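Data block below; observations after.
For ligands, and for the atoms within them, numbers begin at 1 and follow the listed sequence. Everything quoted here is computed from the prediction, not taken from an experiment.
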Amino acid sequence: MSVTASTESTQSMSSAPAGEVLESLNPATGEVVGTYPVHDEEAVAEAVARARKAARWWSGLGFDERKNRLLAWKRTVVRRIDELARLMHAETGKPTDDARLETIGAIEHIDWAAKHARKVLGPRKVRTGPLAMNLAASVQYQPLGVIGVIGPWNYPILTPVGSIAYALAAGNAVVFKPSEHSPGVGAWIAETFAEAVPEEPVLQVVTGFGPTGAALCRSGVDKVAFTGSTATGKKVMATCAETLTPVIVEAGGKDAVIVADDADIEAAAEAVAFGAMGNAGQTCVGIERAYVTEKVFDAFVDRVATIAAGIRVGAQEDAQLGPITMPSQVEIIRKHITDAVERGGKAVVGGPESVRPPFVHPVVLTDVPEDSAAMTEETFGPTITINRVRDLEEAVAKANATRYGLGSAVYTRSTSKAMEIARRLRSGMTSINSVQTYAMVGALPFGGLGDSGFGRIHGPDGLREFAAAKSIARQKYRMPLPLLSFARKPRHMKLVMWVVRLLHGRGR
Ligand code: NDP
């Protein structure tokens, strides 16, 4: 498949500078999937200037009309889902059904953001309290203006749409810089949105490498929503600091699953194997560590090993795991596996020989030292480490002993135990008796702690990230006591202090 970007057919490409181009390559074959312009600082600034005007128009449409447009976009995505899945497969190597599933997640988020924006962000009255009883107060959340979205390649539609749909629903225009590995999906997103919103370039795409992303950070956008590695997140934050541009950082993870004695081992193994190895392990909320209690350890490892050994890897139509999308990641995966084995970890399935670029075959490691790279750094490959623990206390302590804090999971038949553990796990999201399911729920905020970043996409918090609270206090009548006035007298203060002591100074 070869898709050469038609630079005139989308709003995204209209001001491409002549010269440098970006080739999007099929990671399985090396074939050129498409060519895209490298947008320089000037081109990015032009896109943001266009977005600024579009933002005024878009925010003026109001919640209901924006909802209609977003739902029209959603229907276009549904209609063209097969074409998108083929493009995602070509650019990232992921199986087309995984691409469809990911797109379904994006569709759910467009729908949720469109339908809930008014309720979450629209004006609402708030209580004023006895000392301000002469006021009528309200709060509403106003769009920030133009949002710069910088996205990764591993979930090239679900991840950016998690920011884009919420930013748009809140009334902002968006300039999106997709990864150099998935510019075609980025252009496709803007092109389909333009079908629903042809009047103004409300969603534009700029393509290129890191410097294009850095130019977007410096362009004067009102906020940057970055998703990518922790290392790049730090650079993005430093660049945004130059102009005091606020930023959301959705970065990497080292997610753990805890499997308790009373867990349904068959269900846990099935979900954990997919959670670790689906998308060839290139998932920010991929399960990379499993802590399993003694009693069920062997049964769990056996079952995960059987599933992992049966996974079909390759570029063929029925493959369940595709290639490693980013060639430089292959060496990191190899290093983690080799280090774990050299330091006493057992390779139950595969081993260093499983790394056969551009593919990595499933690897299951057990008894891996807690301070090895495979336990502390993001591996981002189809590997899992499974370590035994005495009890759930040890499991929670080890799961939390990471500088990341993105997702986590717990398997137990006891709901109360599961809820208690979920609350104690230091991560932004936890799934119980399932993995990664929170990502598909529109109403649930998504984001991390520590090296996994800060800020939230999805849900009400995700809408508010792209809006500013506007508080209005309207005086209905003058207070008998002139407190905020030079007419204030000591007797007025005496009276007000008496009221304050009565209201707030009593009790224990
Ligand atoms: P990178 O950090 O390499 O890149 C992310 C984006 O940042 C890309 O568009 C990249 O452009 C751009 N970029 C690179 N340098 C700069 C710069 N100096 N200034 C501004 N932008 C820049 O991440 P990957 O694309 O490799 O994505 C994988 C990572 O993303 C993993 O760590 C994964 O865990 C994380 N991730 C986190 C998610 C979350 O929600 N928390 C979800 C999905 C992934 P270019 O590609 O052209 O270099």
Side-chain angles (χ1 to χ4, degrees), residues 20 22-25 27 36-39 41 44 91-92 94 102 105-106 109 148-163 175-183 185-186 205-219 221 224-242 245 247-255 279-288 324-329 332-333 377-381 404-407 427-429 436 438-439 445-458 462 465:
E20 227 192 319
L22 158 62
E23 283 187 338
S24 158
L25 303 177
Y36 297 85
V38 173
H39 287 95
E41 212 165 296
V44 171
E91 283 199 320
T92 69
K94 73 172 65 194
E102 179 190 333
H109 284 294
V149 174
I150 300 176
W153 47 265
N154 62 335
Y155 286 84
I157 181 147
L158 177 59
T159 290
V161 163
S163 296
V175 178
F176 170 39
K177 148 74 178 83
S179 162
E180 67 192 74
H181 300 289
S182 55
V185 177
V205 165
V206 289
T207 47
F209 302 92
T212 304
L216 188 55
C217 295
R218 291 197 180 95
S219 65
V221 290
V224 168
F226 166 81
T227 308
S229 64
T230 305
T232 309
K234 290 177 185 173
K235 288 189 202 163
V236 164
M237 205 174 159
T239 311
C240 286
E242 292 170 14
T245 301
V247 59
I248 304 170
V249 175
E250 297 286 350
K254 192 73 194 171
D255 290 8
N279 205 33
Q282 304 166 114
T283 302
C284 54
V285 286
I287 299 289
E288 300 214 352
I324 298 302
T325 310
M326 203 169 53
S328 59
Q329 194 66 26
I332 296 172
I333 301 168
E377 293 169 21
E378 188 178 47
T379 306
F380 232 51
Y404 293 104
L406 195 53
S427 64
M429 298 79 59
Q436 299 157 357
Y438 43 75
F446 183 101
L449 301 166
D451 271 11
S452 295
F454 50 84
R456 293 292 181 268
I457 56 171
H458 303 175
E465 282 283 0

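Of the charged side-chain nitrogens involved, at least one lies within less than 4.0 Å of a carboxylate oxygen, so that E242 and R218 count as a salt-bridged pair.
The OG1 atom of T159 sits 6.5 Å away from the CD1 atom of I457 when rounded to the nearest 0.5 Å.
A cation-pi arrangement is present between K94 and Y155, with the terminal nitrogen or guanidinium carbon under 6.0 Å from the aromatic centre and inside a 45° cone about the axis.
For A225, the side chain to side chain contact (heavy atoms under 4.5 Å, CB included) criterion is met by V149, S163, I248, F466, not counting sequence neighbours. Residues satisfying the side-chain hydrogen bond (donor to acceptor under 3.5 Å, both in side chains) test with T232, not counting sequence neighbours, are S229. Take S179 and apply the side chain to side chain contact (heavy atoms under 4.5 Å, CB included) test, not counting sequence neighbours, and it matches W153, H181, S182.
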For ligand 1, what N or O to protein N or O distances fall under 3.5 Å?
from	atom 1	to	atom 2	distance (Å)
ligand 1	2 (O)	S229	N	2.9
ligand 1	2 (O)	S229	OG	2.7
ligand 1	2 (O)	T232	OG1	2.7
ligand 1	9 (O)	G151	O	2.7
ligand 1	9 (O)	K177	NZ	3.1
ligand 1	11 (O)	K177	NZ	2.9
ligand 1	19 (N)	A214	N	3.4
ligand 1	23 (O)	S229	N	3.4
ligand 1	25 (O)	W153	NE1	3.2
ligand 1	26 (O)	W153	NE1	2.8
ligand 1	30 (O)	G228	O	3.3
ligand 1	32 (O)	E378	OE1	2.7
ligand 1	34 (O)	E378	OE2	2.6
ligand 1	41 (N)	A251	N	3.4
ligand 1	41 (N)	A251	O	2.7
ligand 1	46 (O)	S179	OG	3.3
ligand 1	46 (O)	E180	N	3.0
ligand 1	46 (O)	E180	OE1	3.4
ligand 1	47 (O)	K177	NZ	3.0
ligand 1	47 (O)	E180	N	3.3
ligand 1	47 (O)	E180	OE1	3.0
ligand 1	47 (O)	G208	O	3.3
ligand 1	48 (O)	E180	OE1	2.8

